[in-house]
Amino acid sequence: SMYIADYPKHNILKVDMNTREIKVFAHNPSMNQPNDISISNTSGIIYASDPAWRDSTGMLWMVTTDGIITLLEKNMGTTNGVEVSPDGKFLYVNESIQRNVWVYDILPDGKISGKRLFYKFDDYGMDGMRCDPAGNLYITRHGKGTVVRISPAGSITAEHMLKGKLPTNITFSNDYKKAYITLADRGCFEVIEF
């Protein structure tokens, strides 16, 4: 199955990849907008960022495998990129306007605790994030036109320049030898090869 954040209608959609049928998997009218999602490899739980761009605030939600939505945190900054570490132990959430990347411990029930600052940027915004199998976190730098790699210890170990300046989402090929980045200003994908 494929899951899609349907921000205008406050839904998480589920697509059957065989029949192409689209269903509402989860709905909550109190969401600003589910903006970005990440699915835990270990539990199947979905985590959704929920920014309110007008107010520079945001929330963070959890959606269990049966479609039950739980608010994990409110009164955050503009929550945008969200990612679960490959071992299912940590949740990363960034705040685009405030330029913070937070990390939480994921508890056995999928809820979170132990919020701490993972990384803070001095300039430019952030958007999508994804981890590689080693646990490195890749973050698109909106406005700067780069993708940075941050180690699990919280230090930048690489930065890749892109042709466009407004990268949004990032995902990897199945073998993790390529990263695909969507560019809002160019209206295309760019590919990084490793």
Side-chain angles (χ1 to χ4, degrees), residues 5 31-53 55-63 70-162 166-172 176 179-182 192 194:
M31 286 180 168
N32 302 306
Q33 53 163 298
N35 179 75
D36 201 353
I37 60 175
S38 180
I39 304 171
S40 171
N41 291 332
T42 56
S43 69
I45 290 173
I46 296 172
Y47 296 91
S49 62
D50 184 20
W53 293 101
D55 304 324
S56 296
T57 63
M59 297 183 281
L60 180 62
W61 300 83
M62 175 179 84
V63 185
T70 301
L71 178 63
L72 295 178
E73 189 171 352
K74 58 183 180 178
N75 301 319
M76 295 184 70
T78 47
T79 49
N80 195 340
V82 60
E83 175 66 322
V84 178
S85 63
D87 60 8
K89 293 182 179 180
F90 303 107
L91 179 69
Y92 300 98
V93 181
N94 72 39
E95 297 170 331
S96 290
I97 303 299
Q98 295 77 12
R99 303 186 182 117
N100 296 320
V101 182
W102 300 99
V103 62
Y104 302 81
D105 300 311
I106 297 178
L107 302 173
D109 64 357
K111 293 183 179 173
I112 53 175
S113 70
K115 180 181 180 180
R116 54 209 179 269
L117 188 64
F118 180 69
Y119 199 87
K120 183 172 182 67
F121 290 98
D122 295 327
D123 56 9
Y124 300 103
M126 296 169 283
D127 201 331
M129 303 193 297
R130 282 296 171 256
C131 282
D132 66 16
N136 296 299
L137 186 66
Y138 293 73
I139 306 174
T140 60
R141 300 298 318 284
H142 197 81
K144 189 175 186 185
T146 67
V147 173
V148 296
R149 182 179 70 206
I150 303 181
S151 72
S155 60
I156 291 180
T157 56
E159 187 164 18
H160 301 273
M161 294 297 301
L162 302 168
L166 302 178
T168 52
N169 267 326
I170 179 170
T171 192
F172 288 98
Y176 287 88
Y180 301 89
I181 300 101
T182 51
I192 297 172
F194 301 103

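Basis for what follows: all heavy atoms, side chains included, without hydrogens, waters or symmetry-related copies.
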Report the distance from atom [atom1] of [X] to atom [atom2] of [Y], rounding to the nearest 0.5 Å.
X      : Y      : atom1 : atom2 : value
Phe194 : Asp132 : CZ    : CG    : 8.0 Å
Asn35  : Trp61  : CG    : CH2   : 14.5 Å
His142 : Thr168 : NE2   : OG1   : 7.5 Å
Ile112 : Leu91  : CD1   : CG    : 5.5 Å
Arg99  : Met126 : CZ    : CE    : 8.5 Å

Keeping [X] on the side-chain end and [Y] on the backbone end, is there a donor-acceptor pair under 3.5 Å?
X      : Y      : answer
Asp55  : Thr57  : no
Asp50  : Gln33  : yes
Glu73  : Leu60  : no
Ser151 : Asn136 : no
Asp109 : Lys111 : yes
His160 : Thr146 : no
Thr78  : Gly58  : no

message: Between the side chains of Asp123 and Arg141, is the shortest nitrogen-to-carboxylate-oxygen separation below 4.0 Å, so that they form an ion pair?
response: yes

Restricting to non-hydrogen atoms, name the atom on [X] and the atom on [Y] that form the minimum distance, rounded to 0.1 Å.
X      : Y      : answer
Ile181 : Pro167 : CG2-CB, 3.6 Å
Gly88  : Ser40  : CA-OG, 4.3 Å
Ala134 : Pro152 : O-CG, 3.8 Å
Ile46  : Ile39  : CG1-CG1, 3.8 Å
Ser113 : Leu107 : OG-CD2, 3.5 Å

- prompt: More than 12 non-hydrogen atoms from neighbouring residues, nucleotides or ligands closer than 6.0 Å to NZ on Lys115, yes or no?
  reply: yes

Neighbour count above 12 (heavy atom, 6.0 Å) for Lys74 NZ: no

[X] versus [Y]: any side-chain heavy-atom pair under 4.5 Å?
X      : Y      : answer
Asn94  : Trp102 : no
Thr182 : Thr171 : no
Cys131 : Tyr92  : yes
Phe121 : Ile156 : yes
Glu95  : Ser56  : no
Lys89  : Asp105 : no
Val84  : Asn41  : no
Phe118 : Ile150 : yes

Thr79 vs Met59, side chain to side chain contact (heavy atoms under 4.5 Å, CB included): CA-CA, chis, key distance, verdict: CA-CA 6 Å; Thr79 49; Met59 297 183 281; 5.5 Å; no

- prompt: How are the rings of Tyr138 and Phe172 set relative to one another: parallel (under 30°), tilted (30 to 60°) or perpendicular (over 60°)?
  reply: perpendicular

- request: Applying side chain to side chain contact (heavy atoms under 4.5 Å, CB included), run through Thr140 and Arg130 and close with a yes or a no.
  value: CA-CA 9 Å; Thr140 60; Arg130 282 296 171 256; over 6 Å; no

field: Pair Thr157-Arg149, side-chain donor/acceptor within less than 3.5 Å
entry: yes

task: Consider only side-chain N and O atoms of Asn80 and Asp36, and report whether a donor and an acceptor are under 3.5 Å apart.
output: no

- request: Just do the side chain to side chain contact (heavy atoms under 4.5 Å, CB included) check on Tyr47 and Ile106 with the steps written out, would you?
  value: CA-CA 11 Å; Tyr47 296 91; Ile106 297 178; 3.5 Å; yes

task: Check the pair Trp53, Ile97 against side chain to side chain contact (heavy atoms under 4.5 Å, CB included), reporting the backbone distance first and the verdict last.
output: CA-CA 9 Å; Trp53 293 101; Ile97 303 299; 4.2 Å; yes

